[in-house]
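Only one structure is covered here, and it is reproduced in the block below.
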Amino acid sequence: MKNNIRKLLIFVAFLAWAGFWGGCLSCLFAKEVVLGGKEGWKEFQSQKNVTTGTGRFGYPCIELAPNSFEADEETDLLIDFENPKNPISDGNYTIKRNSLKLSNQTKMEKQAGLSRAPGGLSISGGKGSLFGTEGLTGSFTIEFWLCPSVAENGETIFKWESSKIVGKNLVYQLLNASFIKGHLEWSLSNLFDTDRDIKDSHDIILRGRSTLVPDTWSTHALSYNADNGCLEYIVNGVTEDLFYYTSNGREDGEVSLMQLGTPSEVMFCPNYTGKIDDIRIVRRSYSVQGFQSAENAGAVGHVQYVPAGGSFITKPIMVSTGSKLNSLVAEMNVPSQTAVLFFVRSGENYYNWTDTYPEWKAVESGRDIDGVTGLYFQVAAELYPDGSGEHTPSITQIKLDYYELPEPVPPFVVNAVAGNGTVMVSWNYSVDDTAGGYYVYYGTRPGEYLGRMAVEGDSPINVGNTTSFTLTGLENGKIYYFAVAAWSAYDDRVVGKLSKEVFARPLARLK
């Protein structure tokens, strides 16, 4: 009785001490989890518009991915090379041939396509896709990023060849983009519905004015507006050439509609040396919103960041039952006007977690955190560029400081005395004042405590804060094995190591 009172007083005193001096408690049982740093970043549960760069001390950091594209309802094709097994991330297209390699020397996300002529990537469009459907196209834009190694004459970036019936003639069709004297030039042949009874090819040429600099990224777009017949070639958000395919060659003329013939393969980089990334075909004409613009694209090779920023969520991080998160400390670079926001949440079982449950808690780097406890921690971060979209923040490392409850020491002395269908297990109190009670484990094989036959319940049995317990309903003549473990007075889910093993054989009468 005196021992129980003593332990109760110690426990009450500890709770009062922990409430007023919680910081000291975290020092006593302090541990940490490090994300990033010299070990690098593990796979995230989810991420959006972020990529890996080089942070402090040369370690990998998480930063915004410049101008990364996302598929929407009007996306016909998106090739971003982020999946090593399949560069196509969206669209009803299948790969026919692919000799492109992956390169991490990119301005967009983590990977780009690397072409070493000849070869390239050839794809086939499925039913309903732009290049997989015969007939009128409607408005569309073809856009991609290029970083040529040389930009030699004749190197081809895009090529589609087909044919259609015009009157009684089979007419060749072509949509092609190739380098001519350091510029990219688009050629279109016999693509419109007004091409009737023709003997000569109806060709349209759109010529770029910008000289493409080797080893420098630039974005290119070919746009067709079915409402006004405008064909437009845009480089880094600036229109370089345009052509109105109308009755009078102007915007106010009668519009001719683009019409594709028999579906055939689309080829990217069939004869090109350099890198290509974020190839996109959308079913709308080019506009400032949703595409690169002169304002946000900047000079050739200068890539900026979308105002919406980016984010990532770590996978649930397992620590120990009842652990308390004390602080989150981030090693990061936050240029003027940029911002990084952190959020954390926790729980004992993450299998029922959703996007909003458990609730996320906003925290600041280096500040004390209250009310975040559990077996699992999870971290989310949001990164925002400056107002001009020219600078990104970066996170090199995140350190989670937490304390875990200590496992109480098991009893040193354990005994088992058999009776008629019963065994009484007894032990001395643990010398550890953090022990709040005990579990009795039992089974029919040494070291395997999987018993289910005792009237008192399946192994292990929580017997409370006592020093003996009798199990009944056991089979006479059968040997049973027992061990005892203490559970923590601060959280009964924290269970210590097992005591030494003892055994006993119930008998109808002792011999």
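Heavy-atom basis, side chains included; hydrogens, waters and symmetry copies ignored.
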Looking only at atom types and distance, does a side-chain atom of Gln397 sit under 3.5 Å from a main-chain N or O of Val34, one as donor and one as acceptor? no
Can you find a pair of side-chain heavy atoms, one from Asp278 and one from Arg280, that are under 4.5 Å apart? no
Report the C-alpha separation of Ile398 and Val329 in whole Å, then their side-chain angles, then the decisive distance to 0.1 Å, and conclude whether the side chain to side chain contact (heavy atoms under 4.5 Å, CB included) test is met. CA-CA 6 Å; Ile398 297 174; Val329 180; over 6 Å; no
Are any side-chain N or O atoms of Asp386 and backbone N or O atoms of His391, one a donor and one an acceptor, separated by less than 3.5 Å? yes
Atom CG of Asp355: over 12 foreign heavy atoms under 6.0 Å: no
Can you say whether the rings of Phe131 and Phe140 are parallel (under 30°), tilted (30 to 60°) or perpendicular (over 60°)? perpendicular
In a table with atom names and distances, give each donor-acceptor pair under 3.5 Å that connects a side chain of residues 412-424 to protein atoms at least two apart or in another chain.
| unit_1 | atom_1 | unit_2 | atom_2 | d |
| --- | --- | --- | --- | --- |
| Asn420 | OD1 | Asn476 | ND2 | 2.8 |

Heavy-atom closest pair, residues Met332 and Ser394: CB-O, 3.0 Å
Give me the one residue out of Asn326, Leu400, Val344 that meets side chain to side chain contact (heavy atoms under 4.5 Å, CB included) with Val372. Val344
Using the rule given for side-chain hydrogen bond (donor to acceptor under 3.5 Å, both in side chains), can you reason through Ser488 versus Glu407, listing the C-alpha separation, both sets of side-chain angles and the distance that settles it, and then say yes or no? CA-CA 7 Å; Ser488 174; Glu407 294 181 354; over 6 Å; no
In the structure I gave you, are the side-chain heavy atoms of Trp427 and Val502 within less than 4.5 Å of one another anywhere? no
Without swapping roles, check the side chain of Thr133 against the backbone of Gly128 for a donor-acceptor pair under 3.5 Å. yes
Check whether any side-chain heavy atom of Leu383 lies under 4.5 Å from a side-chain heavy atom of Phe312, and answer yes or no. yes
Hey, is the main chain of Glu475 close enough, under 3.5 Å, to the side chain of Tyr480 for a donor-acceptor pair? yes
Verify the ring-centre separation between Phe268 and Phe158: is it less than 6.0 angstrom? yes
Salt bridge (Lys or Arg N to Asp or Glu O under 4.0 Å) with Glu265: which residues, sequence neighbours excluded? Arg97
Report yes if some heavy atom in the side chain of Arg345 is under 4.5 Å from a heavy atom in the side chain of Trp353; otherwise report no. yes
Is there a donor-acceptor contact under 3.5 Å linking the side chains of Gln378 and Tyr376? no
Hey, is the main chain of Thr472 close enough, under 3.5 Å, to the side chain of Glu456 for a donor-acceptor pair? yes
Which heavy atom of Thr314 sits nearest a heavy atom of Phe44, and at what distance? CA-CD2, 4.1 Å
Evaluate side chain to side chain contact (heavy atoms under 4.5 Å, CB included) for Thr444 paired with Tyr481, printing each intermediate quantity in order. CA-CA 6 Å; Thr444 57; Tyr481 299 86; 5.7 Å; no
Separation between CG of Asp277 and CD of Glu82, rounded to the nearest 0.5 Å: 7.0 Å
With side-chain hydrogen bond (donor to acceptor under 3.5 Å, both in side chains) as the criterion, how do Tyr93 and Asp76 come out once you've worked through the C-alpha distance, each side chain's angles and the decisive distance to 0.1 Å? CA-CA 9 Å; Tyr93 288 81; Asp76 185 69; 2.5 Å; yes
Here the gap from Arg284 atom CZ to Glu73 atom CD, rounded to the nearest 0.5 Å, amounts to 7.5 Å
Salt bridge (Lys or Arg N to Asp or Glu O under 4.0 Å) pairs touching residues 436-445, sequence neighbours excluded, are Arg445-Glu448
From Val334, Thr392, Thr338, Leu341, residue fulfilling side chain to side chain contact (heavy atoms under 4.5 Å, CB included) relative to Tyr384: Leu341
Looking only at heavy atoms, what is the nearest atom pair of Ser115 and Tyr272, with distance? OG-O, 2.6 Å
Nearest heavy-atom neighbours spanning Leu260 and Thr137: CG-CG2, 3.4 Å
Answer yes or no: is there a donor N or O on one side and an acceptor on the other, between the side chain of Ser459 and the main chain of Tyr449, under 3.5 Å? yes
Show the nearest heavy-atom pair for residues Phe482 and Ala504, with the distance to one decimal. CE1-N, 4.2 Å
What one should report as the nearest heavy-atom pair of Lys478 and Pro506 is O-CD, 3.1 Å
Do Pro316 and Gln45 have side chains that approach each other closer than 4.5 Å (heavy atoms only, starting at C-beta)? yes
Backbone of Tyr439 reached by a side-chain donor or acceptor of Trp487 within 3.5 Å: no
Criterion side chain to side chain contact (heavy atoms under 4.5 Å, CB included) on Lys275 and Trp217, from CA distance to verdict: CA-CA 9 Å; Lys275 296 183 283 291; Trp217 284 98; 3.8 Å; yes
Would a distance-only check, ignoring hydrogens and angles, find a side-chain to backbone donor-acceptor pair under 3.5 Å from Tyr429 to Asp432? no
Spell out, as yes or no, whether a donor-acceptor pair under 3.5 Å connects the side chain of Tyr442 to the backbone of Leu471. no
Any sub-3.5 Å donor-acceptor pair from Ser430's side-chain atoms to Ala435's backbone N or O? no
